[in-house]
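Below is one structure, written out as structure tokens, with a few remarks after it.
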Amino acid sequence: MERLIPVCLWLILALHLVLRVAGNAEGDALNALKNNLADPNNLLQDWDPTHINPCQWNNITCNSEHSVTKIDLGNANLSGKLVPDLGLLSNLQYLELYSNNISGEIPEEIGNLTNLVRLDLYLNVLTGHIPATLGNLRKLRFLRLNNNSLTGQIPMALTAIDTLQVL
């Protein structure tokens, strides 16, 4: 019996650590974004990856299951690049990063955000093509990518999104 107590305590600790790591995947994705952005106004200073979930962070909204549904960082004077990790935020509905100085390409992984209804990347310095994977966003109602330096054609897959009202 004495041997069983340390084993049980070790298992409880291991389970706690596994759940903590698994429960913070969204925080890890947001932290990856933070690490790729310059934030002169310190809007992201409370984005702490050691928190169990990011629902208390500034400019983040979550649903009742403590899953991230909105990133609202429009007109925040941010610069840097978007990260593929954003595609891990499976319950994200609103990604608002308009009117910043974000550069680089739009990650293909944004197309994994199948619950997204609003993607607003207007007025940045994004380059490259519009990913065809954005055609996977079947719930998308609002897509604003203008006033960037994007090149190429608008993917035909975007024309098949019946819910899209603003392009």
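Residues take their numbers from the sequence shown, with the count starting at 1. Computed from a predicted structure; not experimentally measured.
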Any donor-acceptor N/O pair, [X] side chain to [Y] backbone, under 3.5 Å:
{"X": "Asn136", "Y": "Thr114", "result": "no"}
{"X": "Asp46", "Y": "Asn58", "result": "yes"}
{"X": "Asn42", "Y": "Gln45", "result": "no"}
{"X": "Asp85", "Y": "Ala32", "result": "no"}
{"X": "Asn63", "Y": "Glu65", "result": "yes"}
{"X": "Arg138", "Y": "Ala160", "result": "yes"}
{"X": "Asn100", "Y": "Asn77", "result": "yes"}
{"X": "Thr133", "Y": "Glu108", "result": "yes"}
{"X": "Asn59", "Y": "Asp72", "result": "yes"}
{"X": "Trp47", "Y": "Gly27", "result": "no"}

query: Which pair of non-hydrogen atoms, one from Pro131 and one from Pro155, has the smallest distance, and what is that distance?
result: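 Closest heavy-atom pair between Pro131 and Pro155: O-CG, 3.9 Å.
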
Nearest non-hydrogen partners of Asn124 and Ile102, listed with the distance: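 Minimum heavy-atom separation between Asn124 and Ile102: OD1-N, 3.0 Å.
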
- prompt: Roughly how far, to the nearest 0.5 Å, is the CG atom of Leu95 from the CG atom of Leu89?
  reply: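 The CG atom of Leu95 is 8.5 Å from CG of Leu89, to the nearest 0.5 Å.
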
- prompt: Roughly how far, to the nearest 0.5 Å, is the NZ atom of Lys34 from the CG atom of Leu78?
  reply: 12.0 Å

- request: For Ser79 and Asn101, test the side chains for any donor-to-acceptor distance below 3.5 angstrom and give the result as yes or no.
  value: no

query: Do you see a donor-acceptor pair shorter than 3.5 Å between the side chains of Glu105 and Thr127?
result: no

query: Arg144 and Tyr98: side-chain contact (heavy atoms from CB on, under 4.5 Å), yes or no, with the steps?
result: CA-CA 8 Å; Arg144 205 161 59 154; Tyr98 59 88; 4.1 Å; yes

field: Worked check of side-chain contact (heavy atoms from CB on, under 4.5 Å) between Val68 and Thr61
entry: CA-CA 6 Å; Val68 175; Thr61 303; over 6 Å; no

field: cation_pi(Arg118, Tyr94) dist<6.0 Å, angle<=45
entry: no

message: I want to check something: taking the side chain as every heavy atom from C-beta on, are Leu143 and Leu145 in contact at a cut-off of under 4.5 Å?
response: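 Leu143 reaches Leu145 side chain to side chain.
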
Ring geometry between His51 and Trp57 (parallel below 30°, tilted from 30 to 60°, perpendicular above 60°):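 The arrangement is tilted - the two ring planes meet at 30° to 60°.
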
task: Before giving the answer on side-chain contact (heavy atoms from CB on, under 4.5 Å), spell out for Ile154 and Ile130 the whole-Å C-alpha distance, their side-chain angles and the decisive distance to 0.1 Å.
output: CA-CA 7 Å; Ile154 295 173; Ile130 299 170; 4.3 Å; yes

field: Check against side-chain contact (heavy atoms from CB on, under 4.5 Å), Leu92 and Thr69
entry: CA-CA 4 Å; Leu92 193 66; Thr69 57; 5.6 Å; no

